[in-house]
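When a ligand or atom number is given, it counts from 1 through the structure's own listing order.
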Amino acid sequence: MLVSAEEMLKKAKAGHYAVGQFNINNLEWTKSILLTAQEMKSPVILGVSEGAGKYMCGFKTVAAMVDAMVDSLGITVPVALHLDHGTYEGAKACIEAGFSSIMFDGSSLPIEENVEKTKELVATCKEKGISLEAEVGSIGGEEDGVVGAGECADPEECERVASLGVTMLAAGIGNIHGKYPDNWAGLSFETLDAIQQKTGDMPLVLHGGTGIPDDMIKKAIDLGVSKINVNTECQWAFQKATREYIMAGKDLEGKGFDPRKLLAPGAEAIKETVREKIKLFGSDGKA
Ligand code: 13P
């Protein structure tokens with residue numbers, strides 16, 4: 001059964017570790033992440049961007065696939081199915097489709113509109129027992145067509161949005177989706193500290209988990225980050241392993257062209273990446 005992310009994140013905040021959100025793209029991705037979370041006895045959040053949802057034939061298909069897979073694989077650790085960077089319409093569609101967690105990304109809207117729409121979704125999500133993530137300040141870079149300037153969040157605005165009753169808050173602190181540029185200034189711990197002081201117990205979310213050095217991840221967790229999103233790193237792992245398989249000519253040997261064989265190295269590589277992240281975030285053994 002899919003669960004809201006509320007309890008796992010409250011525990012993470014109190015226990016000073018973070019739960020990973022790993023984005024999914026297809027059946028292999030989902031299976032690799034679920035099996036690794038189970039092996040590591042870790043709670044897990046499966047992220048679905050609107051683009052990935054569309055690619056997988058819509059949110060209903062995704063919810064049905066994940067729900068059935070949790071059951072057929074005998075997954076007993078808590079699993080939340082979460083909309084990543086949702087629009088207002090996307091959020092409504094996912095609530096309808098059976099997602100157990102939603103992110104409404106109103107960060108590109110004027111703050112008053114972000115507050116109004118978030119408030120409305122808080123009421124719906126509370127009624128249905130679904131967790132809700134809001135965003136203030138934008139995450140830099142591009143993810144599935146969502147482009148952010150990457151400006152740091154205003155701690156006062158964070159306090160305002162956190163007080164609306166959301167479950168978790170994503171706040172821009174200099175983080176970027178995808179590859180960090182060589183001249184990246186690093187995370188703004190000053191901003192994170194100010195946000196944490198204004199928002200108290202609220203679990204904070206760190207987007208753009210790919211490529212952030214381990215010591216920065218650990219410091220961010222110390223300063224109240226309880227959920228960390230990783231997407232690109234699993235894609236790179238999958239791509240690299242698949243390329244190696246093909247470059248070694250393995251797809252041409254025997255029945256190496258069988259998709260179950262062709263996609264296996266990539267699926268294993270995703271498992272390894274998820275394993276490393278779960279260890280780094282400290283959520284292993286917490287389920
Ligand atoms: P990365 O692709 O940089 O890991 O970011 C993932 C993310 O923040 C999803 O919302």
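If you take SG on C94 and CZ on F59, they are separated by 3.5 Å, rounding to the nearest 0.5 Å. Here N114 contributes atom CG and S108 contributes atom OG; the two are 8.0 Å apart, rounded to the nearest 0.5 Å.
Aromatic ring orientation, F22 versus F281: parallel (interplanar angle below 30°, classes split at 30° and 60°).
With a 6.0 Å radius and a threshold of 12 heavy atoms from other residues, nucleotides or ligands, D201 has its CG atom at or below the threshold.
Taking every heavy atom of H177 and a limit of under 4.0 angstrom, the matching atoms of ligand 1 come to 3 (O), 5 (O), 6 (C), 7 (C), 8 (O), 9 (C), 10 (O). Heavy-atom contacts of N231 reach the following atoms of ligand 1: 1 (P), 2 (O), 4 (O), 6 (C) (cutoff under 4.0 Å). Residue H85 approaches ligand 1 through these ligand atoms, each under 4.0 Å from one of its heavy atoms: 10 (O). Atoms of ligand 1 lying under 4.0 Å from any heavy atom of T232, numbered from 1 in the order shown and given with element: 1 (P), 2 (O), 3 (O), 4 (O).
At under 3.5 Å, a nitrogen or oxygen of T210, whether backbone or side chain, sits near a nitrogen or oxygen of ligand 1. Among the atoms of V230, none of the N or O lies under 3.5 angstrom from an N or O of ligand 1. Residue N23 places no N or O, backbone or side chain, under 3.5 Å from any N or O of ligand 1.
Heavy atoms of E233 found under 4.0 angstrom from ligand 1: none, in either backbone or side chain. Only side-chain heavy atoms of D84 come within less than 4.0 Å of ligand 1; its backbone N, CA, C and O stay farther off.
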Could you walk me through whether E272 and K277 pass the salt bridge (charged side-chain N to carboxylate O under 4.0 Å, His left out) check? CA-CA 9 Å; E272 195 44 45; K277 296 296 171 193; over 6 Å; no

Going through the checks in order, is the salt bridge (charged side-chain N to carboxylate O under 4.0 Å, His left out) test met by E116 and K119? CA-CA 5 Å; E116 268 326 296; K119 217 195 273 177; 3.6 Å; yes

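Contact analysis puts G178 in contact with ligand 1, with a non-hydrogen atom separation below 4.0 angstrom.
Here the side chain of D84 pairs no donor or acceptor atom with the backbone of I102 at under 3.5 angstrom.
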